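Please read all numbers here as calculations on a predicted model, not as lab measurements. Atoms considered below: every heavy atom in the structure, side chains included; atoms not considered: hydrogens, waters and symmetry mates. By convention in this document, chain letters (A, B, ...) are assigned in the order of the sequence lines, proteins followed by strands, and residues within each chain are numbered from 1.
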Amino acid sequence: MRASETATAATRLGSIIPCVHFCLLAGGFLWGGMTFVEQQAEFRKRPTFRNEPIAIRPVYDDPSVISDETLSQVLWKMRPRFRHPGSKINHIDHALRMWGPYANFRDPESLSGVEMLEILLDERSFRRNQGESAAALLEPGKYGLLVKVQEGSSTSSHVDHTLAGLGEIGIPLDYPIILNDGEFSVSEMLRSALENFSLNQAEYEWSALAFAEYFEPTDGWYSQEGQRITFDNLAQRLMRQRLAQGVCRGNHRLHTLVMFLRIDEVKPLLSPEVRQEVIDHLRDVTDRLMATQSSEGFWSDQWPGTEIEGMTELSEEARLPIQTDRFLVTGHTLEWWALAPSELQPPREVVVRAADWLSSQILKLTPQALEANYTFLTHAGRALAMWRGKLPSDVDLTLAHPRQR
Amino acid sequence: MANAESPPKINHHQPVGLVPLLDARWAWGGSAVVSTSLLSLCWLMQSYLPLAPGRLWAHFSTSDHFPLLSGVDGAARQFALDILLQKTSLAWGVAGVSLLLSCCIMFSLCLMFVLFNQIHNRHLISSASVALVGFQLALSAESVQASFGGIIAYALLLGAMTHLGIRETKRSRFWTIMITGLAMFLWVNSSGSFTVGIIILCGACLENVVRAIFQKKSIRGIWSDWCLRNYVYALEAGMLGLLCNPQGIKVLLHADYLNGFVSDYASRWWIPLVPGNLSTVLTGALIVGVLVLLRTSRASLVRGFPLSCFVLWGLTWLDRSALIWSVPLTVLMIQPLLAERISSIFPERQDVRRDSRDLTSKDFRYTLLTLLPIWLGFALSPLGGLVLGGTSRGPDQIISRETPVNLASHLRSAPPLGQVVHPTAWGDWLSFAGPEQIQLFLSLENLGRCPQTLFRDQRDILHASLGWEKKVERYRINSIILDAQQHSSTVHVLENSPTWEISYQDEQAVMFRRRMIRDQSGSAAENL
C-alpha cells in the first residue's frame, strides 16, 4: 500500500514538474523576447533630422584685421576657376564651402556657386566637368548615398567634408541629388554618414560637424557597432588626439569644436561639463598658438609647441612644403578663431599679424602655387572674409576687379 | 558463458533521470541540497573575491579604466546589464543573480546526479572527477568554476554515451573516460566555461531528437520518452545557466563575434572548439579519420549520427558560428567509436570478473562519492578556507602564471600617462591591480562589447601590422605593453624605433613608452 502511494505521488510529481518547467520556459522566453524587442527599438532609434541646417554667421567685423580693398583682392584671386574639364573635385568641394551657393563671377573661367553645387550633386553636370570615364563622386550604398573619398581626383578629400560643407552653406536636406541611378536627396547622404559612422574611424571631424548641423537636439544614438554616441563623447573624441595629429594638422577638429560651441548656443548639444572642457581645451590651444606664432605672423606644423609627448613628429608622408604648411595652419587657425566666442580669442594683434602675413602671401602667389594650395587657401579666404563679418560671397569684389560689377 | 562474455545490456526505455532520483529523494534532500547550497555560496564568494582577472564583476568596478569604451552599450551588454544591475538596485541585482546562479547550480547538479545514476562503474567517474577538480584547482582559483562545469559536462557526456548503449567493458570504459576526460580538460581549461556542458547538452538533445525521428516516433512518443524529457529539462537548465552565467553570456557574445571575425578571432580564441581552424590538410585528415571510424567501429550507431554530423559540418563551411553546435554532436559520435576502436587494440583480459550488477540499482555509496568533488571544491575554495581553517593559498597559487603580477606592481609605482595599449587578456588584471588612473584599451570582459574597429586596431598595434604608427597616434597611445613571448617581433620593432624606449621589462612583459614623454602633463604655459 505504501509502495503504491509512493508510486502515485511520484507519478503526480512527474506530471507537475513538466508543467512547471513549461511555464518557466514560456515565461522566460516571453520576458527575453520582450526585452529583446525593447532593446532593439532603442538601438535602432536615430536622431531626427532638421531640414534646414543651423546657420552660423561670423560675429566679428574688424577692419584692422584686413581692409575691404585687400580682402577684395585676395578673394578675387581665389575665385573658383574650375570650368575647365578635369578640375579636381576636392577643389570644387572646398570652393563651394568657401563661396557658398550664391556666388557669381564675371569671369568665364570661374564657376558660380550654383554651378559648383550642380557639379557635386548632379551627375550630368559632374560628367560634363569631370568626363565620362571619371570615377563617380556619389553612389548609392546600403544606407543611402555614399560620398567617395580619396579614390582619385574626381572624389572628395575628406570623409563627409562634402556633407558638412553643404551644411555650412545652408543647403537643406531635401535638396535633390540627381544620379544615373535615380533622384536622391541630401538627407540620404546624411543617413549614410550616420549609419556608417564609427567613433574611432580615422577621420571623423566633418561627420561630427554634419551631425551637429543637421540633427535636432538628441540625447544620443547607437552606432552600428553598438556604441552609444552623444555630442559629448564626440567632443571628447575630438579633444583626444595630439593637437597637430590628423588631417590639416588637427585644425579640422578645432573648427568642429568651435562649431559645437556655436551650435550649442542655438540648440542644446553639449552638457555644461563638456562645454567647459571644450572651452578649456580651446583656451589651451589659443595659449599655445600665441606662444608659437612667428614674428611674421604665420604658424608652422609645430604650432602646438611641446605636449606631454614632446614636439610633434611628422612621418615622411605627412610632410608638406614649408610654405604650404604655413598657409594651412594659419588659414585654418584664423578661420576657427573667426567663429570662436570672445573668451577664446587671442589679443587682436595676434590675429592682425596672421591676417597681414596671409593676405600678403596670397597676393604674391603665382597661379600654379595658388592651385597647388587652393584647398588650404579656401579656409584662409573664408577666414579673412569672416573677420570682416561677412561670408566670401557677400564681399564686394568690384573693389579688386571693376568688371565684376 | 556466452552471457559472461557479452557486455551488459542497457534498457534504453527504462525510466531514468528524475524518477530514480525521486526514489532516492532522501539522498537528494539530505545531501544534494546542502552541498549545492554550499557550492552556490562558494561559487558566489569566488565571484566576489577578485582574486583572478576576467570576471564580469571586475568590469563593473573598473569601467572607468576603459575610456575608449565610453558609450559602448552593445545589445548583449545592455541585455546583461538590465538583467544584472540597471533595472534593479545594485543590492537587489546581486541578490537576484545569486538566486539565479544558485538555481542554475541546483539544476545542473540535479542533472549530474541523474546522470551518475545512469552510469555504470561510477567509481571511475567519481575518481576522475575528483582528479579533474584537484588538478584544476591547483592551476588557478578561477578554474573552480570551470571544474564544476567540467564535471557536469563530463558526467553529461558519459551519461549520454551510456544512454546510447555503447558496449561496456572495463577497458572501453577506461579509455572512454581517459579520452573524454582529456577532451573535457582541454576544453574547460581553454574556454574556462561551464557552458561547455551546456553546449554538450544541446548537442545531446539534438542527437536524441534526430534519433527519435529516425526511429519514426510520433511527437507524443518523443515527448513521452523519459530520456528525451530529461534532456529537455537539462536544456532548460542549460539555457538558464547560459543566461545567468557570465561565462555563458561571454560565449553568446563571442558566438556573435564569430560572424564578424571569421579568421583571426576564431583562430585566436576558439581553437579548441574549432576544427575548421586547423589547416586544410588537418581538417581533411580529421574527416578521413572519422570516415574510417565510421566504417570500422562495431559500436552501435544509427544513421542519424553521421548524417546530422556531416550536415552540421557542412553548415560550418557557410557560417563558422555553426561550429558551436556541430562540435558537441561530433564529439558525441566520435568518442564512443574511438573508444571502441582503442579497446579493440587492447583486448580484454579474460581473467577479470565482469561487473554485471543490475544497472538500475541505486546505491547511496555512489551518491556519496559524487559529493566528494563538491566537498573538495568547497574545502579548497577561499570560503572553505575561512570555515575550515588551515593555511590560505598564497598569491602564487591563486593567481595564474599568465597574470602579469609584476607588471601591475611596476605600474602602480610608476603610473603611465595617457592611453595604454596592452594584450587583451591582461586588461582585467591591470584594471584591478594597476594604478587607479590607468587608461586601458580593452579586456577580455569587454571584448565582446567593444566596437570592432577598436579590437582590430589593438590587434594591429600589438602585432605592428601595416599602419600601426597611425593608429598609435589616433588613440594617442603613450605606452605599449607587450607579451614578451607572444609579441616578440613587435618588441623587436619597437626596440629599433627612435620614438619608443623600454620602460619596464621582465620575463613575461615588456613595456615601451614614448621617448619624449614627460612625467607630468602641465599646462600649456609650462610646456612652451
Side-chain angles (χ1 to χ4, degrees), chain A residues 6-7 9-11 13-14 17-18 21-22 24-25 28-29 32 35-36 38-40 42-43 198-203 220 222-230 232-233 236-237 240-242 245-246 283-292 304-311 313 315 317-318, chain B residues 15 18-19 22-23 25 67-79 82-83 87 223 226 229 232-233 235-237 239-240 243 417-419 449-454 456-457 467 469-471 473-476 478 498-499 514-528:
Chain A
T6 307
T11 310
L13 201 54
I17 286 175
H21 278 74
F22 268 129
L24 278 174
L25 206 58
F29 273 113
T35 310
F36 180 76
E38 192 181 306
Q39 295 293 345
Q40 288 303 305
E42 175 67 18
F43 291 127
S198 160
L199 199 58
N200 292 296
Q201 66 190 42
E203 195 180 356
Y222 285 93
S223 71
Q224 291 289 336
E225 294 180 312
Q227 187 158 17
R228 186 164 183 80
I229 296 179
T230 63
D232 275 355
N233 59 27
Q236 282 161 339
R237 169 78 174 95
R240 183 180 82 194
Q241 261 173 287
R242 288 190 67 183
Q245 289 291 348
R283 184 71 247 172
D284 177 64
V285 170
T286 296
D287 290 345
R288 289 171 181 277
L289 285 164
M290 284 160 54
T292 56
T306 309
E307 296 173 83
I308 58 167
E309 298 90 348
M311 299 289 282
E313 294 170 12
S315 63
E317 64 181 39
Chain B
L18 286 176
V19 168
L22 289 170
D23 287 346
R25 58 190 176 278
L68 294 175
L69 292 166
S70 114
V72 174
D73 287 321
R77 175 179 184 255
Q78 193 65 40
F79 187 58
D82 278 349
I83 295 169
K87 287 191 173 170
W223 179 247
W226 272 104
R229 198 183 294 185
V232 174
Y233 293 152
L235 189 61
E236 284 177 42
M239 291 312 292
L240 190 63
L243 288 175
L417 275 178
Q419 186 71 50
R449 298 185 285 274
C450 82
Q452 295 188 3
T453 42
L454 271 187
R456 279 199 301 267
D457 291 344
E469 296 101 328
K470 283 185 181 175
K471 288 169 183 170
E473 298 303 340
R474 194 195 307 163
Y475 292 102
R476 201 174 187 174
N478 288 327
T499 314
R514 288 181 189 273
R515 281 186 196 280
M516 294 297 293
I517 196 155
R518 295 182 168 202
D519 292 333
Q520 292 188 352
S521 57
S523 66
E526 287 169 350
N527 288 321
L528 292 167

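There is no contact between Gln236(A) and chain B, counting heavy-atom distances below 4.5 Å. Contacts between Arg237(A) and chain B at a heavy-atom distance below 4.5 Å involve the side chain alone, from C-beta outward.
Ranked by heavy-atom pairs shorter than 4.5 Å toward chain B, the options Gln201(A), Arg240(A), Arg242(A) are led by Arg240(A).
Residues passing the salt bridge (charged side-chain N to carboxylate O under 4.0 Å, His left out) test with Lys471(B), sequence neighbours excluded: Asp457(B), Asp460(B). In this view, Glu203(A) satisfies the salt bridge (charged side-chain N to carboxylate O under 4.0 Å, His left out) rule with no residue, not counting sequence neighbours.
Separation of atoms CD (Gln245(A)) and CZ (Arg474(B)) is listed at 11.5 Å; rounding is to 0.5 Å. Ile308(A) CD1 to Arg476(B) CZ: the interatomic distance, rounded to the nearest 0.5 Å, is 5.5 Å. Between the CD atom of Glu307(A) and the CG atom of Asn478(B) there is a distance of 9.5 Å, given to the nearest 0.5 Å.
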